[in-house]
Number of protein chains: 4
Amino acid sequence: MSAEPSPRRGRGRRPAAEVRSEVLAAAGHLLLTEGIHAVTFERIARESGASKTTLYKWWPSSGALAAEAFFTRSEPQLEFPDTGDLRADLIAQLTSFVALLTDGGAGKLISELIGAAQTDPDLAEAWSRTYALPRRELARERLQAAQRSGQLGADADLDIIIDQLWGACYHRLLVLRTPLKDLDVERLVTCALRGAQ
Amino acid sequence: MSAEPSPRRGRGRRPAAEVRSEVLAAAGHLLLTEGIHAVTFERIARESGASKTTLYKWWPSSGALAAEAFFTRSEPQLEFPDTGDLRADLIAQLTSFVALLTDGGAGKLISELIGAAQTDPDLAEAWSRTYALPRRELARERLQAAQRSGQLGADADLDIIIDQLWGACYHRLLVLRTPLKDLDVERLVTCALRGAQ
Amino acid sequence: MSAEPSPRRGRGRRPAAEVRSEVLAAAGHLLLTEGIHAVTFERIARESGASKTTLYKWWPSSGALAAEAFFTRSEPQLEFPDTGDLRADLIAQLTSFVALLTDGGAGKLISELIGAAQTDPDLAEAWSRTYALPRRELARERLQAAQRSGQLGADADLDIIIDQLWGACYHRLLVLRTPLKDLDVERLVTCALRGAQ
Amino acid sequence: MSAEPSPRRGRGRRPAAEVRSEVLAAAGHLLLTEGIHAVTFERIARESGASKTTLYKWWPSSGALAAEAFFTRSEPQLEFPDTGDLRADLIAQLTSFVALLTDGGAGKLISELIGAAQTDPDLAEAWSRTYALPRRELARERLQAAQRSGQLGADADLDIIIDQLWGACYHRLLVLRTPLKDLDVERLVTCALRGAQ
DNA sequence: ATCTAATCGAGACGGTACGTCTCGTCTTATG
DNA sequence: CATAAGACGAGACGTACCGTCTCGATTAGAT
């Protein structure tokens, strides 16, 4: 009995789950080591042992595959803890987000993924559904809780707060391409909350 | 006096200016009608009459060519008028920016360009140098004038204001991909200025 | 049962045999009408409907492709009949060879192919294997039969006879580039046989 | 007064002779070190310091330039000494010819030149005029002298003798591409002279 | 000795082929 | 029948050379 899970048994059929995991592993490895331009159906097929036919059957575009590989690798933290102190919670969230983009080295990955999403509808859909929109929803729920507790005015525009906070980060990451570490997160949160009335 | 500027005299050399303008015209047309993925050296050469050699000599990447074609077509408005009323000026600027991204149809173009810039350093450089950084500088100057006139506190963080205002727009355009027309520009400006103290 | 062998069904795969025959037909046509310099992978792909990828997969160089197209077109006569009269057989062979080079119009083709073979190892190999060496072997066998029947001395150097006879033709064709029709084949054979002892 | 003949004085005009010799030197060097495919107008211009304009003005094709460079480098021995012994003289000539083609390393050069001549009329003309036809004429004169001295029959076909002797060598060099060192020159000459009556 | 006309270098230009890569579709053979 | 293997048409990549051309710098020959 072989310890090797996939002895590469030629042509025939293999369990779907096994194929999927090997495909995602190969795609993730390519994404991390060479960037999104290396994530092509061609190379993933070559390096995962799967056939192109299979890849085209399961993923609508190589970008969508890259996105799924990214989420499989680094399950993004989607919790938004509520310590009761809104300002502290926002600062904690944004600080860890900025840290992810800078220190974690995920900055390049995320900007490449968002960049590719601008011309790949399937990647865009996967990104919005799996990451961007859920994250905004969590933030919105935290802000709504703050409204209920009176830390935030009842008529504050929650979407504007979210756009201001995260948009400021993305602005530097994607548009200006200036270093994110210069961003003063505490002051940013202070301004946003003060402005929200 | 010859009315015909370019009688296409076969092989030899043509004036550089003439070639450049035809190349940029072809690239701009491709960019507008088919999107950035149609802007390849191959097609630009075919449709402009220029040779690939020439294109490679003058532009470092097809993305950089697309950027230059974009700026040549729609000379982006880089003025930032000062009427004395900061809030009105910011609203005017952001409103016309949002209108450009939505009604003008430039939204898709700009998001594709920024998207491609994430993996094309030459395009990124052209975009930052020609558009993003000058625009931020103009905004910063307007805010500094407001500080001098007392409409804005002397210790306000100008970069944060800019990141909040424009970042909010880009956040919806690039990351959330939600409709920009839902963005309440007046309220956004109000929040940002109030928050800046 | 479909009567139409090739309805050009777009992108996917086509039977290899069909592709091969169309490629060789296109290459042969180019070779005959425009010479060996027109036989490029680029043009063959364009005019046969095959893709360059396919051509590079099957043929090591455009010269090798040209050689195969040549042999497919004009299956060269490689028989060497034995009527019992060596002198008559050699004269018949050389006469038809010279006729092929002059009247047949194949002279230019063959000289171009041999010419290109001097810098294209793959073409050289194809030419030697398919044509030159088999032809020499047939001639050698005919001469050996003549040795057994006593028409040729047992210690005659067969390779020298062959080099003298065919070499004389190629000398005029390739090196001197003088008209081949001035060559007196009967006298050439007479001299060679008399000289061979 | 400078001892250096060509201090590369920028753009303007240079003495024709100086340019010519540098061009031929560069072409010869390319021909010897990289083969005839490296002899392009482009590279010769780059490496000789001459401009393409100048090259196109003086040489009809790159092949013709290669031929002239070849003849300039290795002034081919065109003498055909007459010691009074025809057989010895022919053996001497052919032996040195075969040695040139094999040991001298000129075999590859000469076969490449003759090969290129099959599709380059200018190279063919230069080759015939400068080398092939004069050489044949010298051989013919030597054979005529042999006829006068009675060593060769008066009605021998001199062209056939020449075609047989040199053609045998070229046959192996160009057509069969088999090693020339296996050729028994003495026996070849014996056969040719005996056959010539 | 001065001017003028020819000639050179440098290299841009449109064209074409190279050999490689990825794409998305398709066929075949294996299990 | 789902899979692996991979052939196929399409077309972009970046490079090399072709032959034609403009341009400015230089020199040689005529004044």
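Listed in residue order, the members of residues 33-42 of chain D having a heavy atom less than 4.0 Å from DNA chain F are Thr40(D), Phe41(D), Glu42(D). Taken residue by residue, residues 113-124 of chain A places no heavy atom nearer than 4.0 Å to DNA chain E.
For the atom pair Asp120(B) CG and Ser61(B) OG, the distance stands at 3.5 Å (nearest 0.5 Å). The CH2 atom of Trp127(D) lies 5.0 Å from the CD1 atom of Ile114(D); values are rounded to the nearest 0.5 Å. Between the OG atom in Ser62(B) and the CG atom in Leu30(B) there is a gap of 11.0 Å [rounded to 0.5 Å].
Between Ile44(A) atom CD1 and dA4(F) atom P there is a gap of 14 Å when expressed in whole angstrom units. At whole-Å resolution of the value, CD in Glu22(A) and C1' in dA4(F) are 13 Å apart. Here dC8(F) presents its P atom at 18 Å from OH of Tyr56(A), a figure rounded to the nearest Å. Regarding Glu47(D), its CD atom lies at a distance of 14 Å from the P atom of dA10(E), rounded to whole Å. Here dC23(E) presents its P atom at 11 Å from CG of Leu65(A), a figure rounded to the nearest Å. Atoms CD (Glu18(A)) and C1' (dT3(F)) sit 12 Å apart, rounded to a whole Å. Distance, Leu55(D) CG to dT7(E) P: 16 Å, rounded to whole Å. Note: CG (Leu30(B)) to P (dA12(F)) measures 10 Å, nearest angstrom.
Here the options are Thr53(A), Val23(A), Leu65(A), Val19(A), the test is side chain to side chain contact (heavy atoms under 4.5 Å, CB included), and the partner is Trp58(A); only Val19(A) passes.
Within the nucleic acid shown, Lys57(D) comes within 4.0 Å of sugar-phosphate atoms alone, with no base atom in reach, counting heavy atoms only. Heavy atoms of Ala45(A) sit nowhere under 4.0 angstrom from any nucleic acid atom.
Note on Glu125(A) versus Arg177(B): no salt bridge recorded, every NZ/NE/NH1/NH2 to OD/OE distance being 4.0 Å or above. With respect to Lys108(D) and Glu112(D), a salt bridge is recorded, a charged nitrogen being found less than 4.0 Å from a carboxylate O. One finds no salt bridge joining Arg73(C) and Glu68(C) here, because no Lys/Arg side-chain nitrogen approaches an Asp/Glu carboxylate oxygen to under 4.0 Å.
Residue Arg43(B) places its side chain closer to dA12(F) than to any other of dA12(F), dC17(F), dC13(E). Side-chain proximity of Val19(A) to the nucleotides dA7(F), dA4(F), dG19(F) is greatest for dA4(F). Nearest to the side-chain atoms of Ser62(D) among the listed nucleotides dT15(F), dC18(F), dA4(F) stands dC18(F). For Ala50(A), counting side-chain heavy atoms from C-beta on, the closest listed nucleotide (dG24(E), dA4(F), dC13(E)) is dA4(F).
The residue among Thr54(D) and Ser61(A) whose nearest nucleotide of DNA chain E is located toward the 5' end is Thr54(D).
Side-chain atoms of Lys52(B) and base atoms of dG14(F) include a donor and an acceptor less than 3.5 Å apart.
The side chain of Trp58(B) places no N or O atom within less than 4.0 Å of a non-bridging phosphate oxygen (OP1 or OP2) of dA12(E). At dC17(F), one or more side-chain N or O atoms of Arg46(D) fall inside 4.0 Å of OP1 or OP2 (strictly under the cut-off). In this structure, Thr53(D) does not reach the dG9(E) phosphate: none of its side-chain N or O atoms is under 4.0 Å from OP1 or OP2. Side-chain N/O atoms of Ser51(D) include none lying less than 4.0 angstrom from OP1 or OP2 on dG11(E).
Judged as a side chain to side chain donor-acceptor pair (under 3.5 Å), and not counting sequence neighbours, Ser128(B) has no contacts.
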CA sep, side-chain torsions, deciding dist, call: Glu22(D), Glu47(D), side chain to side chain contact (heavy atoms under 4.5 Å, CB included):
CA-CA 9 Å; Glu22(D) 289 183 5; Glu47(D) 301 189 9; over 6 Å; no

